[in-house]
Asker: 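Could you have a look at this structure, given as C-alpha cells, before my questions?
Here the structure is a predicted model, which is why all the values come from computation and not from measurement. Sequence lines set the chain letters: A, B, ... in the order given, protein chains first and strands last, and positions in each chain run from 1.
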Number of protein chains: 2
Amino acid sequence: MSLLAKKRSAAMAAKLKDSGLKATPQRLAIMRVLAESKGHPSVDDIYRRLQRRFPGISPATVYRNIMLIKSLGEAVEISLAGSASRYDGRKPYPHPHIVCVECGNILDPELASLGDMTREVTAASGFEIKSFRLDFFGVCPACRKKSGS
Amino acid sequence: MSLLAKKRSAAMAAKLKDSGLKATPQRLAIMRVLAESKGHPSVDDIYRRLQRRFPGISPATVYRNIMLIKSLGEAVEISLAGSASRYDGRKPYPHPHIVCVECGNILDPELASLGDMTREVTAASGFEIKSFRLDFFGVCPACRKKSGS
DNA sequence: TCGCAATTGATAATGATTATCAATGATAGC
DNA sequence: GCTATCATTGATAATCATTATCAATTGCGA
Ligand SMILES: [Mn+2]
Ligand SMILES: [Mn+2]
Ligand SMILES: [Zn+2]
Ligand SMILES: [Zn+2]
C-alpha cells in the first residue's frame with residue numbers, strides 16, 4: 001500500500017470516528033479500495049473487488065457507503081451520461097478529468113491554467129460557487145493506436 | 001421569435017434536409033423549442049411545452065429527436081447527476097455552464113480564461129480531445145436572497 | 001396519386017440508483 | 001466479558017431517466 005493510500009485511508013477513518021459512525025469491516029474495506037485505486041472505480045468495480053474478502057457483500061452496501069464517504073467530503077463523484085458514476089478517493093476535491101470514450105479509462109491531468117476561473121465566474125454571475133466539474137472527452141493514446149486514427 | 005432563434009431553427013432544418021431525414025411537424029416543433037429556449041430545457045420541459053399544439057405527442061418522440069438533433073451537432077446535452085439531462089440548442093458546441101443547486105436554473109456565463117485549456121490537456125496527455133464539459137455548481141443570486149445566506 | 005421507408009405513439013425493457021425492512025453486529029456502559 | 005441499543009447490513013422492491021420494440025401512420029420522391 002502506497003504512502004498516499006495509507007494517508008487517505010487514515011483520513012477517511014478519522015472522519016468516521018469524528019462523526020460517531022461505526023467502523024464496519026465492509027465500510028473500512030470500501031474506504032481502502034477508494035484510497036488505493038488510481039483508476040476511478042465504479043460502484044460495481046468496488047463491489048466485485050470486495051467479493052473475495054466479503055463473499056456475501058451487497059451492492060447496496062457499496063452504494064450506501066460511497067454516498068456516506070462523499071458526504072464526509074472524502075471522495076468525489078464523476079457522473080457520466082449513460083453509464084455508472086466513477087469515484088475518486090485520492091483527490092477528494094474538485095479537479096479536472098480526461099475520459100477516454102473508447103475504453104472508459106479516466107485520468108487526472110495536470111492543468112496549470114485553472115486557477116482563477118472560479119473567481120472569474122463568481123464575479124461575472126453573482127453565484128456562490130460551491131464546486132465545479134471539468135471533464136475532457138477524447139481517445140487515449142492506446143485506443144488511438146488500436147483504431148488506427 | 002428572436003433573430004438567433006430563427007437562425008438556429010433554420011440551421012437545424014437545413015441539417016435535416018442535408019441528411020435526407022423527414023421534416024415531421026413534431027420534429028420541427030422540437031427544433032423550434034430548442035432554438036428558442038434560453039433556459040436549457042429538459043426532455044420533459046419540451047414534452048410539456050408541445051402538448052398544447054400536439055395533444056397526442058409521446059415523450060419517446062422527444063427523446064428520439066433530441067438524440068437525433070444532438071447527433072447532427074445541433075444541440076448539446078448537459079447531463080446532471082440524479083436528474084434529467086438538459087439541452088442547449090442555441091450554442092451547439094461545448095461551453096461552460098453555471099447550475100443553481102437550489103432552483104435548477106442553468107446559465108451560460110461569459111468566461112474569458114478558457115482558450116488554450118484544451119491544447120494544454122492534449123499536449124500533456126496525448127489524448128485526442130473531442131469535447132469537454134465545464135460546469136460550476138452554486139447558488140444563484142435569487143436563491144441566495146431567499147435562503148438568507 | 002402511390003408506395004414505401006421513415007417516423008410516431010404506446011408500451012415494455014433496461015440500468016443505475018434509492019428506499020424499505022427484518023436480521024445482524026459494533027460498541028458504550030456496566 | 002456481557003448486554004442492550006442502535007447503526008448497519010443484505011435482500012429485495014421501487015423509482016426514474018432513458019432505450020428498445022413494434023404495429024400503425026405519414027412525409028415525400030417517383
Ligand atoms: Mn480524479
Ligand atoms: Mn448553454
Ligand atoms: Zn482508451
Ligand atoms: Zn437558484
Side-chain angles (χ1 to χ4, degrees), chain A residues 12-31 33 40-72 75-87 99 104 106, chain B residues 12-31 33 40-72 75-87 99 104 106:
Chain A
M12 293 181 190
K15 276 268 181 73
L16 247 197
K17 180 175 286 182
D18 288 357
S19 312
L21 299 163
K22 290 186 177 170
T24 292
Q26 295 94 326
R27 180 170 286 169
L28 294 173
I30 291 166
M31 288 179 166
V33 172
H40 302 91
S42 66
V43 162
D44 194 59
D45 292 335
I46 298 171
Y47 170 64
R48 285 207 308 274
R49 184 105 86 87
L50 289 179
Q51 278 184 318
R52 305 173 199 284
R53 218 160 6 131
F54 300 89
I57 196 172
S58 164
T61 296
V62 182
Y63 273 108
R64 266 192 302 253
N65 282 295
I66 290 280
M67 220 172 3
L68 175 73
I69 295 163
K70 248 201 321 174
S71 77
L72 292 175
V76 295
E77 179 177 6
I78 305 149
S79 72
L80 302 166
S83 59
S85 283
R86 311 278 287 271
Y87 299 89
V99 181
I106 300 182
Chain B
M12 292 181 190
K15 276 272 181 71
L16 248 197
K17 180 176 287 184
D18 288 356
S19 313
L21 299 163
K22 290 185 179 173
T24 294
Q26 295 95 326
R27 179 169 285 169
L28 294 174
I30 291 166
M31 289 180 164
V33 172
H40 303 90
S42 65
V43 162
D44 193 60
D45 292 335
I46 298 170
Y47 169 65
R48 285 207 307 275
R49 183 105 87 87
L50 289 179
Q51 277 183 319
R52 304 172 198 287
R53 213 154 15 126
F54 301 88
I57 196 173
S58 164
T61 296
V62 182
Y63 272 108
R64 266 193 301 254
N65 281 295
I66 289 278
M67 219 170 6
L68 174 73
I69 295 163
K70 248 199 321 172
S71 77
L72 292 175
V76 295
E77 177 176 6
I78 305 150
S79 73
L80 302 167
S83 60
S85 282
R86 312 277 288 270
Y87 300 88
V99 181
I106 300 181

Asker: Roughly, in whole Å, what's the span from CG in Leu68(A) to P in dT17(C)?
Answerer: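 The distance from CG of Leu68(A) to P of dT17(C) comes to 17 Å, rounded to the nearest Å.
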Asker: What is the distance from CZ of Arg86(A) to P of dT17(C), rounded to the nearest Å?
Answerer: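 Going from CZ in Arg86(A) over to P in dT17(C) covers 11 Å.
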Asker: What residue pairs, at least two apart or across chains, pass salt bridge (Lys or Arg N to Asp or Glu O under 4.0 Å) with a residue in residues 62-72 of chain B?
Answerer: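 Counting only pairs at least two positions apart or across chains, the salt bridge (Lys or Arg N to Asp or Glu O under 4.0 Å) contacts touching residues 62-72 of chain B are Lys70(B)-Glu77(B).
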Asker: Would you compute the distance between atom CG of Leu68(B) and atom CG of Leu21(B) and round it to the nearest 0.5 angstrom?
Answerer: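 The CG atom of Leu21(B) is 5.5 Å from CG of Leu68(B), to the nearest 0.5 Å.
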Asker: Please give, in whole Å, the distance from dT7(C) P to Ile69(B) CD1?
Answerer: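 Rounded to the whole Å, the gap is 12 Å.
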Asker: Could you go through the side-chain contact (heavy atoms from CB on, under 4.5 Å) check for Ile69(B) and Met31(B) one step at a time?
Answerer: CA-CA 8 Å; Ile69(B) 295 163; Met31(B) 289 180 164; 3.6 Å; yes
Asker: Would you confirm whether Asp18(B), through its side chain, and Lys15(B), through its main-chain N or O, come within 3.5 Å as a donor-acceptor pair?
Answerer: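 It does not hold such a pair.
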Asker: For side-chain contact (heavy atoms from CB on, under 4.5 Å), just list the numbers for Val33(B) and Ile30(B), CA-CA rounded to whole Å, side-chain angles, deciding distance to a tenth of an Å, and then say yes or no.
Answerer: CA-CA 5 Å; Val33(B) 172; Ile30(B) 291 166; 5.8 Å; no
Asker: In whole Å, what is the span from the CG atom of Asn65(B) to the C1' atom of dA6(C)?
Answerer: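 It is 11 Å, rounded to the nearest whole Å.
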Asker: Between Tyr47(A) and Gln51(A), is there a side-chain heavy-atom distance shorter than 4.5 Å?
Answerer: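 Yes, at least one pair of side-chain atoms sits under 4.5 Å.
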Asker: Starting at atom CD1 of Ile57(B), determine the distance to atom P of dT11(C), rounded to an integer number of angstrom.
Answerer: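 Distance, rounded to whole Å: 16 Å.
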Asker: Kindly say whether Leu80(B) contributes a backbone atom to a donor-acceptor pair with the side chain of Arg86(B) at under 3.5 angstrom?
Answerer: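 Checking the backbone N and O of Leu80(B) against the side chain of Arg86(B), no donor-acceptor pair under 3.5 Å is found.
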Asker: To the nearest Å, how far apart are Ile78(A) CD1 and dT17(C) P?
Answerer: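 Result: 13 Å.
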Asker: Can you give one letter per nucleotide of nucleotides 14-20 of chain D, 5' to 3': B if a protein heavy atom sits under 4.0 Å from the base, S if only from the sugar-phosphate, - if neither?
Answerer: ---SBBB
Asker: Atom CD1 of Ile66(B) and atom P of dT8(C): how far apart are they, to the nearest Å?
Answerer: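 After rounding, the reported distance stands at 12 Å.
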Asker: Could you tell me whether the side chain of Leu50(B) reaches within less than 4.5 Å of the side chain of Gln26(B), counting heavy atoms only?
Answerer: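 A side-chain contact under 4.5 Å is absent here.
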Asker: Step by step, would you call Thr24(B) with Asn65(B) a side-chain contact (heavy atoms from CB on, under 4.5 Å)?
Answerer: CA-CA 10 Å; Thr24(B) 294; Asn65(B) 281 295; over 6 Å; no
Asker: Ile30(A) CD1 to dT8(D) C1': how many Å, rounded?
Answerer: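 That distance rounds to 11 Å.
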Asker: Spell out protein contact along nucleotides 24-30 of chain C as letters: B when the base is contacted, S when just the sugar-phosphate is, - when no protein heavy atom is under 4.0 Å; keep the 5' to 3' order.
Answerer: -BBS---
